[in-house]
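These notes concern the structure reproduced below.
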Amino acid sequence: EVQLVESGGGLVQAGGSLRLSCAASGFTFDGYAIGWFRQAPGKEREGVSCISSTDGSTYYADSVKGRFTISSDNTKNTLYLQMNSLKPEDTAVYYCAALSGDYYYTCPHRPRSYDYWGQGTQVTVSA
């Protein structure tokens, strides 16, 4: 059974940092794209960042470029999202998700593309 469990969310002041983790079980990252998504109250879920296990290609939403970094530790089957210079508009529930397949030069960043989802972790950034 595929499971994704996020952790690391919390309350932080604007300008601060958080590192989210997503522990995966029931599959390995090989042959998957894995990503981070977020959903703020009253808004649609949006892609934040993703990484392809095929060639390591990454995607970042324009709103987080230069501030967030996605990485994975395949030995631990864990995905990370380092979030720096956080802004109040980053406040949302953050989800990790996985999609089987080989992706070159990019990775899918639309939520509807993904098959497996975690339960989410809340990130709140105060002004």
Side-chain angles (χ1 to χ4, degrees):
E1 179 188 4
V2 172
Q3 280 195 316
L4 299 165
V5 180
E6 303 94 336
S7 61
L11 174 63
V12 64
Q13 288 188 330
S17 298
L18 284 174
R19 188 176 82 153
L20 304 183
S21 299
C22 173
S25 59
F27 74 108
T28 64
F29 287 165
D30 289 341
Y32 279 79
I34 42 179
W36 289 99
F37 300 80
R38 66 186 181 187
Q39 188 165 18
K43 294 189 176 181
E44 292 188 355
R45 193 170 297 188
E46 63 175 353
V48 174
S49 181
C50 61
I51 184 168
S52 164
S53 66
T54 306
D55 64 359
S57 298
T58 58
Y59 160 85
Y60 293 95
D62 288 343
S63 58
V64 306
K65 280 180 183 175
R67 300 189 297 122
F68 290 11
T69 303
I70 192 170
S71 62
S72 65
D73 184 338
N74 290 358
T75 64
K76 296 182 179 180
N77 230 32
T78 301
L79 179 71
Y80 302 100
L81 185 69
Q82 178 66 43
M83 305 187 296
N84 298 328
S85 302
L86 282 161
K87 304 175 181 180
E89 51 264 44
D90 294 318
T91 294
V93 177
Y94 283 72
Y95 301 88
C96 69
L99 170 66
S100 64
D102 291 317
Y103 300 93
Y104 297 89
Y105 311 115
T106 187
C107 49
H109 59 271
R110 299 184 190 278
R112 64 174 180 263
S113 299
Y114 282 73
D115 299 319
Y116 305 105
W117 290 86
Q119 83 290 347
T121 186
Q122 176 70 47
V123 172
T124 302
V125 185
S126 62

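Computed from a predicted structure; not experimentally measured. Quick note: residue numbers are just sequence positions, from 1.
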Do Y114 and V48 share a hydrophobic cluster (ILVMFWY, side-chain heavy atoms under 4.5 Å, transitive)? no
Please tabulate, one pair per line, all N/O donor-acceptor pairs under 3.5 Å involving side-chain atoms of residues 3-16, not counting sequence neighbours.
residue : atom : partner : partner atom : Å
E6      : OE1  : Q119    : N            : 3.0
E6      : OE1  : Q119    : NE2          : 3.4
E6      : OE1  : G120    : N            : 2.9
E6      : OE2  : C96     : N            : 2.8
E6      : OE2  : G120    : N            : 3.3

Any donor-acceptor N/O pair, S53 side chain to Y32 backbone, under 3.5 Å: yes
So if you build clusters from Ile, Leu, Val, Met, Phe, Trp, Tyr with side-chain heavy-atom gaps below 4.5 Å, do Y60 and L79 land together? yes
Would you indicate whether the side-chain heavy atoms of F68 and L81 approach each other to under 4.5 Å? yes
Any sub-3.5 Å donor-acceptor pair from S72's side-chain atoms to N74's backbone N or O? no
Parallel, tilted or perpendicular: rings of F27 and Y116 (30°, 60°): parallel
Do the non-hydrogen side-chain atoms of T91 and V123 ever get within less than 4.5 Å of each other? no
Please check this pair: side chain of Y103 against backbone of G31, looking for a donor-acceptor N/O pair closer than 3.5 Å. no
Would one find more than 12 heavy atoms of other residues, nucleotides or ligands at under 6.0 Å from atom CD of E89? yes
When clusters are formed by joining ILVMFWY residues with side-chain heavy atoms under 4.5 Å apart, either directly or through shared neighbours, do M83 and W36 land in the same one? yes
Give the cluster check for I70 versus V64: same hydrophobic cluster or not, with ILVMFWY residues linked at side-chain heavy-atom distances below 4.5 Å. yes
Taking the side chain from D73 and the backbone from T78, do they hold a donor-acceptor pair closer than 3.5 Å? no
Is the backbone N or O of A92 less than 3.5 Å from a side-chain atom of R38, with the two atoms forming a donor-acceptor pair by type? no
Is any NZ, NE, NH1 or NH2 atom of the basic residue among D90 and K87 found under 4.0 Å from an Asp or Glu carboxylate oxygen of the other? no
Would you say the rings of F37 and W117 are close, in the sense that their centroids are separated by under 6.0 Å? yes
How many angstroms lie between SG in C22 and CD1 in I34, if you round to the nearest 0.5 Å? 7.5 Å
Whether the side chain of S49 engages the backbone of Y59 through a donor-acceptor N/O pair (distance < 3.5 Å, no angle test) should be reported. yes
Is a side-chain N or O of D55 found less than 3.5 angstrom from the main chain of Y105, in a donor-acceptor match? yes
